[in-house]
Amino acid sequence: MAAMAKPSLLNPLRSHLNELPLIDSTSIRTNLREFRFSHFNVTLKHARNASVLPVIRAQSSPDYVPDSKFYKVEAILRPWRVSQVSSALLKIGIRGVTVSDVRGFGAQGGSTERHGGSEFTEDNFVAKVKMEIVVSKDQVEAVVDKIIEAAKTGEIGDGKIFVVPVSDVIRIRTGERGERAEKMTGGWSDQSSAAA
């Protein structure tokens, strides 16, 4: 059986309760209802504006460099600079390059066309070329320097370079992974030099 509290022990507590001011229960219910409703609205607003994607925060250290064996260097360039950039990359031994025609805008803004003496803008995108090069960690700075050297005109619209860590490289033909897959061996230049 549960022990019952002795009335003598509760008497001091009762005397203190009598000293407390009376509170109207209807005001408590109203305040509670308003709190729940306002809390629900705030939660609903945040839920509507909430991003589906996770929040990613940048590293606070200015010297932070992601640690990966390989990096993809993406360069957005003027289309007429692609041949100079690819030649410069070949000279430093970079043979694996992917080139795509892309459209976009940055500080340069959209392109304006003239037709029949009047200006109009079809869209806000400028034709550019994206070069993608996956290299080992020790080649990144040389590749970035060569791209800047060959693509720079000094005017707005020269483009941007993005360096992205790559977790692995796999050669489809052989199934090789990592450094063996990243090295450009066994291509046409190796086969033609072996035949000569």
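These numbers come from the heavy atoms of this one structure, side chains and all, not from hydrogens, waters or symmetry mates.
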key: Under 3.5 Å: donor-acceptor pair, side chain of K128, backbone of D158   = no
ask   = Can you find a side-chain donor-acceptor pair between Q84 and S87 that sits under 3.5 Å?
value = no
task = Verify the cluster assignment for V140 and L90: are they in a single hydrophobic cluster under the rule of side-chain heavy atoms below 4.5 Å apart?
result = no
Interatomic distance, S86 atom OG to K146 atom NZ [nearest 0.5 angstrom] = 13.0 Å
message = To the closest 0.5 Å, what do you measure between CZ (R81) and NZ (K152)?
response = 11.0 Å
request  = Dump the intermediate steps for side-chain contact (heavy atoms from CB on, under 4.5 Å) on R78 and V129, then the final yes or no.
outcome  = CA-CA 6 Å; R78 297 176 188 272; V129 171; over 6 Å; no
message = To the nearest 0.5 Å, what is the distance between CD on Q139 and CD1 on I94?
response = 4.5 Å
key: Pair K72 + E74, salt bridge at N-O below 4.0 Å   = yes
request  = Kindly determine whether S167 and K69 satisfy side-chain contact (heavy atoms from CB on, under 4.5 Å), including the steps that lead there.
outcome  = CA-CA 7 Å; S167 60; K69 286 185 178 183; over 6 Å; no
request  = Show your reasoning for whether side chain to side chain donor-acceptor pair (under 3.5 Å) applies to T174 and E176.
outcome  = CA-CA 5 Å; T174 62; E176 295 171 310; 2.9 Å; yes
task = With rounding to the nearest 0.5 Å, note down the distance linking CG in D138 to OH in Y71.
result = 11.0 Å
query = Under 4.5 Å between side-chain heavy atoms, hopping through other hydrophobics if needed: is there a path connecting I76 to V126?
reply = no
request  = Could you tell me whether the side chain of E179 reaches within less than 4.5 Å of the side chain of S136, counting heavy atoms only?
outcome  = no
note = So CD of E132 and CZ of F162: to nearest 0.5 Å the spacing works out to 11.5 Å
query = Sub-3.5 Å donor-acceptor pair from the side chain of S68 to the main-chain atoms of V166, do we have one?
reply = yes
query = Heavy-atom distance under 4.5 Å between the side chains of W80 and T153, does that happen here?
reply = yes
request  = Applying side-chain contact (heavy atoms from CB on, under 4.5 Å), run through L77 and M131 and close with a yes or a no.
outcome  = CA-CA 8 Å; L77 309 169; M131 295 184 84; 3.4 Å; yes
ask   = Same cluster or not: are V164 and I161 linked, directly or through other Ile, Leu, Val, Met, Phe, Trp or Tyr residues, by side-chain heavy atoms under 4.5 angstrom apart?
value = no
query = Donor-acceptor pair, R177 side chain versus D168 backbone, under 3.5 Å?
reply = no
query = Would a 4.5 Å heavy-atom cut-off, applied to side chains only, mark K137 and F70 as touching?
reply = no
query = At what distance, to the nearest 0.5 angstrom, does CD1 of I147 lie from CG of L89?
reply = 5.5 Å
S100 side chain vs V102 backbone, donor-acceptor pair below 3.5 Å = no
task = May I have the step-by-step check of side-chain contact (heavy atoms from CB on, under 4.5 Å) for V99 and V97, ending in yes or no?
result = CA-CA 6 Å; V99 178; V97 178; 4.0 Å; yes
